[in-house]
Novice: 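Below is the structure I would like to discuss, written out as structure tokens.
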Amino acid sequence: MPTDKLPAASRPRRIEVQLTPVDNARLANLCGALDENLRQIEAAYDVAIARRGDLLTLHGELPRLHAARAALQEFYRRADKPLTVEDLQLGLIELAKHDDTSPAAPTLLTRRSELHGRTPRQNEYLRAIQNHDITFGLGPAGTGKTYLAVACAVDAFERQQVTRIILTRPAVEAGERLGFLPGDLTQKVDPYLRPLYDALYDLMGFDRVAKMFERQCIEIAPLAFMRGRTLANAFVILDEAQNTTPEQMKMFLTRIGIGSRAVVTGDLTQIDLPRGHKSGLLDAARTLADVRGIAFTQFTKEDVVRHPLVARIVDAYERAAARQAGGES
């Protein structure tokens, strides 16, 4: 159909964006090598961008043009240093989820000064952790449940609200068993705890984390090591909690002492317990739903901030599970 025959609301339009203040270094950081960053913004908003100096001309449908213009202006504001692919992807996700009516994102004291929630629900999660002694974060992979919990632990330690950070996971993964693995118990479970180490290194730096381990300010251990302890003045995170039993979950939650805060994270679609065993996370979500002082944040695929394919993978599995449930019923 010829363009002039289209309804006025859907005709392709053109708008111009003058980036100010004029700064050639900032403009180069925004555009990227061979304008690669502009190509990503084009793909995200389905518009065409032509550049001539500091003047950008955008072509496309009007609502998309306004969104793309806002994105260009925001990334230009951030372009005091080169923008990586990760910066672009996370920034685009953040802009897509932005809600002007949402409260401001909590500020966290970590080595990554730019760290903050990328979606309204992530910000809700951060506020829940800061305002409750026990917080549950449930949802699919890639939603930031564990990473943001570790960031809150680092923040609480840096603000001297706690004296220790304790991270724990049940040593059950994807049907694997520990007995055949080489080494002692610590060496056997270490691979299962590696994501927690990685988050700490990213948020505090390798050398600082190593020193804190030496001073026993940070402890990472399998859940079985928590039995019989009372954890006072500590920030405690139980990760992969879908693989706990109800008895283990009760044991963990009753370890919390004076001045401590706990975060429990897990994905109820990835339970690796033997068949017939009930998940402690599922049991806790039902049992503690109305307990005052405990917060629950339920993430969805809309909160995934990894590679864009991850959200589509999560969506595909959810649809498949729904079809299977419908067939069984």
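Values below: every heavy atom of this structure, side chains too, minus hydrogens, waters and symmetry copies.
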Novice: For residues V291 and L238: do they belong to one hydrophobic cluster (side chain heavy atoms under 4.5 Å, members Ile, Leu, Val, Met, Phe, Trp, Tyr)?
Specialist: yes
Novice: Which value, rounded to the nearest 0.5 Å, describes the distance between L167 atom CG and T146 atom OG1?
Specialist: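 Answer rounded to 0.5 Å: 9.5 Å.
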Novice: Taking the side chain as C-beta and beyond, is there a heavy-atom pair between R255 and I166 under 4.5 Å?
Specialist: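 They are not in side-chain contact.
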Novice: Taking K278 for its side chain and P246 for its backbone only, find out whether a donor-acceptor pair lies under 3.5 Å.
Specialist: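 Not a single qualifying donor-acceptor pair exists.
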Novice: Ignoring hydrogens and geometry, is there a side-chain-to-backbone donor-acceptor pair from D239 to R169 under 3.5 Å?
Specialist: no
Novice: Taking atom CD1 of I294 and atom CZ of R292, what is their separation to the nearest 0.5 Å?
Specialist: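 Spacing of CD1 (I294) from CZ (R292) equals 12.5 Å.
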Novice: To the nearest 0.5 Å, how far apart are CD1 in I258 and CD1 in I256?
Specialist: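 Here the interatomic distance stands at 11.0 Å.
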Novice: Which pair of non-hydrogen atoms, one from P82 and one from D87, has the smallest distance, and what is that distance?
Specialist: O-OD2, 3.8 Å
Novice: Just by distance, do the side chain of R26 and the backbone of Y76 share a donor-acceptor pair under 3.5 Å?
Specialist: yes
Novice: Whether the side chain of S279 engages the backbone of Q242 through a donor-acceptor N/O pair (distance < 3.5 Å, no angle test) should be reported.
Specialist: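 Checked: pair present.
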Novice: Do M226 and L231 have side chains that get closer than 4.5 Å, going by heavy atoms?
Specialist: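 Touching, per the 4.5 Å side-chain cut-off.
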Novice: Any side-chain heavy-atom pair from T168 and F225 closer than 4.5 angstrom?
Specialist: no
Novice: Ignoring hydrogens, what is the shortest heavy-atom contact between L281 and F136? Give both atom names and the distance.
Specialist: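 The pair with the smallest heavy-atom distance is CD1-CD2, 3.7 Å.
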Novice: Does a salt bridge link D35 with R51, judged by any charged N lying under 4.0 Å from a carboxylate O?
Specialist: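 Between R51 and D35 there is a salt bridge, with a charged N closer than 4.0 Å to a carboxylate O.
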Novice: Is there a donor-acceptor contact under 3.5 Å from the side chain of S260 to the main chain of A234?
Specialist: yes
Novice: Can you check whether D202's main-chain N or O pairs, donor with acceptor, with R111's side chain at less than 3.5 Å?
Specialist: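 Yes: the side chain of R111 pairs with the backbone of D202.
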Novice: Looking at Y197, Y201, F213, which one forms a ring pair (Phe, Tyr, Trp, His ring centres under 6.0 Å) with F206?
Specialist: Y201
Novice: Using 4.0 Å as the upper bound for N to carboxylate O, is an ion pair formed by E74 and R77?
Specialist: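 So R77 pairs with E74 through a salt bridge.
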Novice: Rounded to the nearest 0.5 Å, what separation is found between the CG atom of L88 and the CG atom of N37?
Specialist: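 Atom-to-atom, L88:CG and N37:CG are 4.0 Å apart.
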Novice: Could you tell me whether the side chain of T265 reaches within less than 4.5 Å of the side chain of F299, counting heavy atoms only?
Specialist: no
Novice: If you take all heavy atoms of A149 and Y125, which pair is closest and at what distance?
Specialist: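 Looking at all heavy atoms of both residues, the closest pair is CB-OH, 3.7 Å.
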Novice: Is the shortest distance from a Lys or Arg side-chain nitrogen in K250 or E247 to a carboxylate oxygen in the other one below 4.0 Å?
Specialist: no
Novice: Using modelled atom types only, decide if a donor and an acceptor are shared between the side chain of K81 and the backbone of N29 within a distance under 3.5 Å.
Specialist: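 Not confirmed, K81 side chain does not pair with N29 backbone.
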Novice: For residues L148 and Q122, determine if any side-chain heavy atom of one lies less than 4.5 Å from a side-chain heavy atom of the other.
Specialist: yes
Novice: Okay, side chain of D303, backbone of T300: is any donor-acceptor separation there less than 3.5 Å?
Specialist: yes
